[in-house]
Structures are given as structure tokens and as C-alpha cells.
Chemist: 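Before we start, here is the structure in question, set down as C-alpha cells.
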Amino acid sequence: MAWDFETDPEFQKKLDWIEEFMEEKVEPLSNLGRAMMVPGAREKFIKPLQDEVKAQGLWACHLGPELGGQGFGQLKLGLMNEKLGRVAMAPTVFGCQAPDTGNAEIIAHYGTPEQKEKWLWPLLNGDIRSAFSMSEPAGGSDPTTFKTRAEWKNGKWVINGEKYFSSGAYGSTILIVYAVTDPDHKDIHQKTSIFIVPTKTPGVEILRGIGVGAGEGGGHGYMRYTDVEVGPEALLGPRGGAFLVAQTRLSGGRVHHAMRTVGACQKAFDLMCRRAVSRQTRDGRLADLAVVQEQICDSWIALQSFRLLVLRTAWLIDKHKDYNLVRKDIAAIKVAMPKVYHDIATTAAHLHGAMGVSNEMPFMGMVTSALVMGIADGPTEVHKVTVAKQVLKDYKPDNDLFPSYHLPKLKEAALDKYGAAIEELKADVAKGRAPVDA
């Protein structure tokens, strides 16, 4: 038997360091809010923390050693990301922030030596930022509906179209842009290609920033590409290979989203419990009320179940080294993630009363993030279909009038197998030659 839920002692020391580092340095810095928008704040505050992370050998751990990472594997990453998921700033400090991680991953897998030299290494070192420009205003993230075109003209690709919710657009050096290159291809999954487009290329325009929630503005760009010209060297991966390339990026991204969401859920749960043991009512503490105890019980079970599902999925990826073989499990954690996060964050907010729904507590931001998790990297409904299809592949149909598990049919089969022995036993009992059960 090889079942084991213990963490390697040496890696546990790393996790302990991360926890202390997060509590003492990263989380306090994150509480500065808009004060961190001051020019130079990144160099003054974040860079030194990144240097500490690098000194610990914990920088960009999602990468293999050939790319400067530790090659930890998904299970160790899951345990790390539980810690990082408690603070929004943490991924930036540890060199694993979206969308840079996914963009770096596909450049590493599909980029030419020239593309890697020019864009990958600065991206991995945190010297530049990137954006993910895929979704469109009308068709969302479904590549079969994309309208943005890239046409080959006079030795260059000319890109025209609009993209919505391009994560990381502001402050980016490069954009990872999806565009239709072969609209008449008979295979709908080979109509689209991916390009690396420098953000300052003429014709690239950020129409406005889109935020999440009720606030105005935000870091997700509404993009317009007007006669944007790039050379053949801008094509990332094969022509018509966007769907294949995207799966490399999105599968890992979905797992890492789930890993960090475990940490976010744990934070909401911890605050919920602290409130329950602290808040006094006329009937005693909230923690003494049966209805609150039920809510805490349900939240704890949901969190632990989700955490185990995420870690098991990470373990399967490490085992098989192939995202396609773990497709069902990845889709399952993507489905579970928004509901578990939403339910725990909502309960935590409710137990804090009016304060819980104010902007002086983190819960409404968490609820909004839970809604985002139900949309990002594919909506929940799509992943439910994936889970169902993958599950059903393991079952064969019954084509008889009655199914093979029909009780009369099972009884008949059992009598065929054991009937003679039962009749023999009955005869022996009748003749007094067989013992009768007491």
C-alpha cells in the first residue's frame, strides 16, 4: 500500500518559511491597497521580497529546472499555492502570477529559440509583463466564434478585430493574441492561430480598462487591433494550432486557480471561525448556537473535500505527466471551485453581519472572485459536460429489454450458479445430514 497524506519533512520546512514570510511581509504589504500604486513602489517593496523568494529557491516553481524553476511537480505546487492563495499579491512575489505563468508556459513549449530569447527569459525573470488576449465581446472564449482575423499580406500578418477582458493589458510588454488565420478550414479547431504581439505595435489600442465587480476601471483591457502588422516570427506554435496550444496553457492554469482557491477558502473559513468564537449575543457566543455550528460544519466538510480533490488531481498529473489523461479530474475541480468558494465566503460574510458586506471586510471581494472562478478558463457548464462525458466513457450500454442489473435477471443468474448446490443442501437438511444455522 502506498497511501500517504504526510508531507516530506524537507519540503514542510519550505512551507513553514512561506507561511511565516506571507504573514510577516507579504500580507501587510498587500493591506496598503492603492498606496502601492505610487510610482516606484514595485521596485522599492516587491522586488526585495522577490529576491528573498529567489534566495529560498521558491521562485517560479511551476517551471522545470530547464527554465529556472525547481521542477516541484503539481502536488508540491498545490501545497505551496494553498499558502499563496490567501493573499492576492503573493503570486507576483513568488513569480507565478497570471497571466504571465500561462503565457510563459506556452512560449516555453511552442516558442522558437528566438522567441524564447526575446520574450521568455525576461518574462520568467519578472522583467516584463504579458497579457492574454483571447476572449471577444460577442463569442466569449469559444474559439469557434472568433471574429478577429490575421491575414497574410506581403510577407506579414495583418491583425484586425476586438478582444474583451484581455487580462494584464495595462503594463504589459507583449500580448498573446488569438486570431482566425484559416476561416475556411474544414476542421473548426484548426482555424485559429496564436501570435506574440508587442503591446506598443502601431494599431494596438486599449479602449478601456475593465474591472471586476462594481468599481470603475480595471486591469483587463478591452482591445482593438487595427491593421496591426507583425512578421512571421510572431506566430507562436503551428499555424492553425491555437486550440492545441491553448490546452497546454489552460489545463495547468485551471489546476493552479483551484490550488490558490483552496487557500482563499481556508482564509474565509478561518475568519468565519474567529468571528464565531468572538461575537457575543444575548444568548452567548455565535459559536454556541446550533445553526452556526451547522454552518461551520458544512463549510469545513466542503473545504476539506475540495482540497483533497485538488491534491488528488495534482497527484494524478504528476503520475501520468499528461493533462489529457486527467481531463475529467481537472474539469471536476473547476466545477467544484466556484461553489465551494462562494458558499464559504457568503457564510463568512453573513456571520459578520453588516460589517461582512461592507468594503471594510474582504468577503464581498471573495464572493465576486468566486463568480469569476465560475467563468475564467471556461464556464462551469462546459466543464460539467466534460466531466459527464469522461465518466460515461467507462460504461457500456445494456441493449436487452431489461437491464443487466434487473433484480429478476440477477436472481435467475444466481440460481444458475448456485441452484444445484442449494438443492443439494436442502436434501441434506431434509435427511438430517447437514447442520442447521442457529
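Worth knowing before you read on, the calculation uses all heavy atoms, side chains too, and leaves out hydrogens, waters and symmetry mates.
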Chemist: What are the two closest heavy atoms between R254 and M337, and how far apart are they?
Modeler: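 Closest heavy-atom pair between R254 and M337: O-CE, 4.5 Å.
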Chemist: SG of C96 to CE of M259: how many Å apart, nearest 0.5 Å?
Modeler: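 Output value for this atom pair is 10.5 Å.
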Chemist: Within the 4.5 Å heavy-atom criterion, are R129 and T173 side-chain neighbours or not?
Modeler: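 Result no, sub-4.5 Å side-chain heavy-atom pair not found.
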Chemist: Determine, stepwise, if the pair F94 / W59 fulfils ring pair (Phe, Tyr, Trp, His ring centres under 6.0 Å).
Modeler: CA-CA 5 Å; F94 281 77; W59 176 259; 8.4 Å; no
Chemist: Do I296 and S299 touch side chain to side chain, with heavy atoms closer than 4.5 Å?
Modeler: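 Side chain of I296 against side chain of S299, heavy atoms only: no contact under 4.5 Å found.
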Chemist: Closest heavy-atom contact between S193 and G241?
Modeler: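 In terms of heavy atoms, the two residues are closest at OG-N, 4.5 Å.
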Chemist: Using a cut-off of 6.0 Å, state whether more than 12 heavy atoms not belonging to Y164 lie near its atom OH.
Modeler: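 Check fails, neighbour count at 12 or below.
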Chemist: Decide yes or no for T7 and L79: does some side-chain heavy atom of the first lie under 4.5 Å from some side-chain heavy atom of the second?
Modeler: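 Yes; the side chains approach each other to less than 4.5 Å.
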Chemist: Rounded to the nearest 0.5 Å, what separation is found between the CG atom of L29 and the CG atom of L49?
Modeler: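 Interatomic distance, L29 CG to L49 CG, rounded to 0.5 Å: 6.0 Å.
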Chemist: Which is it for K153 and E229 under the salt bridge (Lys or Arg N to Asp or Glu O under 4.0 Å) test, yes or no, and what are the steps along the way?
Modeler: CA-CA 9 Å; K153 295 180 179 179; E229 294 186 356; over 6 Å; no
Chemist: Between Y225 and S133, do the side chains contain an N or O donor and an N or O acceptor separated by less than 3.5 Å?
Modeler: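 Indeed, the side chains of Y225 and S133 share at least one donor-acceptor pair under 3.5 Å.
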Chemist: Checking side chain to side chain donor-acceptor pair (under 3.5 Å) for the pair T199/S172: CA distance, chi angles, key distance, verdict?
Modeler: CA-CA 7 Å; T199 309; S172 66; 2.9 Å; yes
Chemist: Could you tell me whether the side chains of T313 and D329 share a donor-acceptor contact shorter than 3.5 Å?
Modeler: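 Side-chain D/A pair, T313 to D329: absent.
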Chemist: What's the shortest heavy-atom distance between A90 and L84, and which atoms?
Modeler: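 A90 and L84 have their closest heavy atoms at CB-O, 3.5 Å.
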Chemist: Check whether D8 reaches the backbone of E10 with its side chain - one donor and one acceptor, N or O, closer than 3.5 Å.
Modeler: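 Yes; at least one donor-acceptor contact below 3.5 Å.
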Chemist: Let me see the working for I344 and T347 under side chain to side chain contact (heavy atoms under 4.5 Å, CB included), right down to the final yes or no.
Modeler: CA-CA 5 Å; I344 293 176; T347 302; 5.9 Å; no
Chemist: Tell me, yes or no, whether the heavy-atom count around R274 atom CZ, taken from other residues, nucleotides or ligands under 6.0 Å, exceeds 12.
Modeler: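 Not buried by this count: 12 neighbours or fewer within 6.0 Å.
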Chemist: Is the backbone of I301 close enough, under 3.5 Å, to the side chain of S305 for a donor and an acceptor to pair up by distance?
Modeler: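 Between the backbone of I301 and the side chain of S305 there is a qualifying donor-acceptor contact (under 3.5 Å).
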Chemist: Taking the six-membered ring for Trp, are F72 and F11 ring centroids under 6.0 Å apart?
Modeler: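 Ring centroids of F72 and F11 are less than 6.0 Å from each other.
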Chemist: State whether the side chain of D322 and the backbone N or O of N324 hold a donor-acceptor pair below 3.5 Å, judged by distance alone.
Modeler: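 Side chain of D322 to backbone of N324, a donor-acceptor pair under 3.5 Å: yes, one is there.
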Chemist: What I want to check is whether the side chains of Q74 and H256 have a donor and an acceptor closer together than 3.5 Å.
Modeler: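 A pair is found: one side chain offers a donor N or O, the other an acceptor, under 3.5 Å apart.
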Chemist: Salt-bridged, D377 to K334, with N to O below 4.0 Å?
Modeler: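 A salt bridge is absent here (no side-chain N lies under 4.0 Å from a carboxylate O).
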Chemist: Taking the side chain as C-beta and beyond, is there a heavy-atom pair between K83 and L15 under 4.5 Å?
Modeler: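 Of all side-chain heavy-atom pairs linking L15 with K83, at least one is under 4.5 Å.
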Chemist: For the residue pair D298 and Q295, confirm or rule out a side-chain donor-acceptor distance under 3.5 Å.
Modeler: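 The answer is no; no qualifying pair exists.
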Chemist: Under 4.0 Å between a side-chain nitrogen and a carboxylate oxygen: does that hold for E233 and K118?
Modeler: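 Judged by the 4.0 Å cut-off on N to carboxylate O distance, E233 and K118 do not form a salt bridge.
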Chemist: Taking K384 first and then E381, would you say they form a salt bridge - that is, a charged N and a carboxylate O separated by under 4.0 Å?
Modeler: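 Salt bridge: no.
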Chemist: Working to the nearest 0.5 angstrom, can you tell me the gap between K328 NZ and D394 CG?
Modeler: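 Result: 6.0 Å between the selected atoms.
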Chemist: Within a radius of less than 6.0 Å around CZ of R327, do more than 12 heavy atoms belonging to other residues, nucleotides or ligands occur?
Modeler: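 No, the 6.0 Å shell around CZ holds no more than 12 heavy atoms from other groups.
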Chemist: So with a 6.0 Å cut-off around NZ of K156, is the heavy-atom count from everything else above 12?
Modeler: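 Not buried by this count: 12 neighbours or fewer within 6.0 Å.
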Chemist: If you round to the nearest 0.5 Å, how far is CZ of F195 from CH2 of W157?
Modeler: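 Between W157 CH2 and F195 CZ, I get 4.5 Å after rounding to 0.5 Å.
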Chemist: How about CD on E360, more than 12 heavy atoms from neighbouring residues, nucleotides or ligands closer than 6.0 Å, or not?
Modeler: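 Counting neighbours around CD of E360, 12 or fewer heavy atoms of other residues, nucleotides or ligands fall under 6.0 Å, so no.
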Chemist: Is it the case that the side chains of T101 and H62 hold a donor-acceptor pair, with the cut-off being a distance below 3.5 Å and no angle test?
Modeler: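 No, no side-chain donor-acceptor pair sits under 3.5 Å.
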Chemist: Quick check on side-chain hydrogen bond (donor to acceptor under 3.5 Å, both in side chains): which of E162, E205, K163 does Y222 satisfy it with?
Modeler: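 Of the listed residues E162, E205, K163, the side-chain hydrogen bond (donor to acceptor under 3.5 Å, both in side chains) partner of Y222 is E162.
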Chemist: Residues in side-chain contact (heavy atoms from CB on, under 4.5 Å) with V372, at least two apart?
Modeler: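 side-chain contact (heavy atoms from CB on, under 4.5 Å) check on V372 returns V212, A376.
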Chemist: Between C61 and K76, is there a side-chain heavy-atom distance shorter than 4.5 Å?
Modeler: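 K76 vs C61: side chains apart.
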Chemist: For the residue pair D318 and L75, what are the closest heavy atoms and their distance?
Modeler: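 Minimum heavy-atom contact is OD2-N, 2.9 Å.
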Chemist: Using the side chain to side chain contact (heavy atoms under 4.5 Å, CB included) rule, take V204 and L175 through it: C-alpha gap first, then chi angles, then the decisive distance, then the call.
Modeler: CA-CA 10 Å; V204 174; L175 301 146; 3.7 Å; yes
Chemist: Under the side chain to side chain contact (heavy atoms under 4.5 Å, CB included) criterion, do E136 and T145 qualify, and how do the steps go?
Modeler: CA-CA 9 Å; E136 297 192 355; T145 67; 5.9 Å; no
Chemist: Centroid separation under 6.0 Å, is that true for the rings of F132 and F165?
Modeler: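 For F165 and F132, the ring centres are not under 6.0 Å apart.
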Chemist: Which residues satisfy the side-chain hydrogen bond (donor to acceptor under 3.5 Å, both in side chains) test with Q12, sequence neighbours excluded?
Modeler: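 Testing Q12 for side-chain hydrogen bond (donor to acceptor under 3.5 Å, both in side chains), a comparison that skips the adjacent residues, returns D16.
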Chemist: Pairing donors with acceptors under 3.5 angstrom, does anything connect the side chains of R260 and N81?
Modeler: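 Looking only at side-chain atoms, N81 and R260 do form a donor-acceptor pair, the distance falling under 3.5 Å.
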Chemist: Would you call K339-D343 a salt bridge at under 4.0 Å N-O?
Modeler: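 Counted as a salt bridge, because a side-chain N and a carboxylate O are separated by less than 4.0 Å.
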Chemist: Can you confirm whether E23 is buried at CD, in the sense that more than 12 heavy atoms of other residues, nucleotides or ligands lie under 6.0 Å from that atom?
Modeler: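 Counting other residues, nucleotides and ligands, CD of E23 stays at 12 neighbours or fewer.
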Chemist: Please evaluate residues Q70 and L58 with respect to the criterion side chain to side chain contact (heavy atoms under 4.5 Å, CB included), reporting the C-alpha separation (whole Å), side-chain torsions for both, the decisive distance (0.1 Å), and the verdict.
Modeler: CA-CA 7 Å; Q70 301 300 313; L58 294 170; 5.8 Å; no
Chemist: Evaluate the side-chain proximity of P198 to K200: yes if any heavy-atom separation is below 4.5 Å, no if none is.
Modeler: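 Contact flag for K200/P198 side chains = no.
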Chemist: Salt bridge check: are K267 and D270 linked by an N-O gap of less than 4.0 Å?
Modeler: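 D270 and K267: not salt-bridged.
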Chemist: With rounding to the nearest 0.5 Å, note down the distance linking CG in D51 to CD in Q56.
Modeler: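 Reported to 0.5 Å precision, the distance equals 12.5 Å.
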Chemist: Could you tell me if the side chain of K191 sits less than 4.5 Å from the side chain of T181, heavy atoms only?
Modeler: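 SC-SC contact between T181 and K191 ruled out.
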Chemist: Would you call E52 and K25 a salt bridge, taking side-chain N to carboxylate O under 4.0 Å as the test?
Modeler: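 Looking at E52 and K25, the cut-off is met.
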Chemist: So do the side chains of Q50 and T92 get within less than 4.5 Å of each other, counting heavy atoms only?
Modeler: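 Counting from C-beta outward, Q50 and T92 do come under 4.5 Å.
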Chemist: Using atom types as modelled and distance alone, determine if a side-chain donor or acceptor of Y170 lies under 3.5 Å from a backbone N or O of G209.
Modeler: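 Here the side-chain-to-backbone pair exists.
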Chemist: Looking at every heavy atom in both V340 and A302, which two are closest together, and how far apart are they?
Modeler: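 What the structure gives for the nearest pair is CG1-O, 4.0 Å.
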Chemist: For A332 and V387, work out which heavy atoms get closest and say how close.
Modeler: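 The answer is N-CG2, 3.6 Å.
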Chemist: Given 3.5 Å as the limit, does a donor-acceptor pair link the side chain of H350 with the main chain of T346, or not?
Modeler: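 Side chain of H350 to backbone of T346: no pair is present.
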Chemist: Testing the 3.5 Å rule here: is there a donor-acceptor pair between the side chains of S141 and S135?
Modeler: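 On atom types as modelled, these side chains do not qualify, holding no pair under 3.5 Å.
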Chemist: Count the heavy atoms belonging to other residues, nucleotides or ligands that lie under 6.0 Å from CH2 of W300, then report whether that count exceeds 12.
Modeler: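 Atom CH2 in W300 is not packed in, count stays at 12 or less.
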Chemist: Hey, what do you get for CG (L120) to CD1 (I174), rounding to the nearest 0.5 Å?
Modeler: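 So the CG of L120 and the CD1 of I174 are separated by 9.0 Å.
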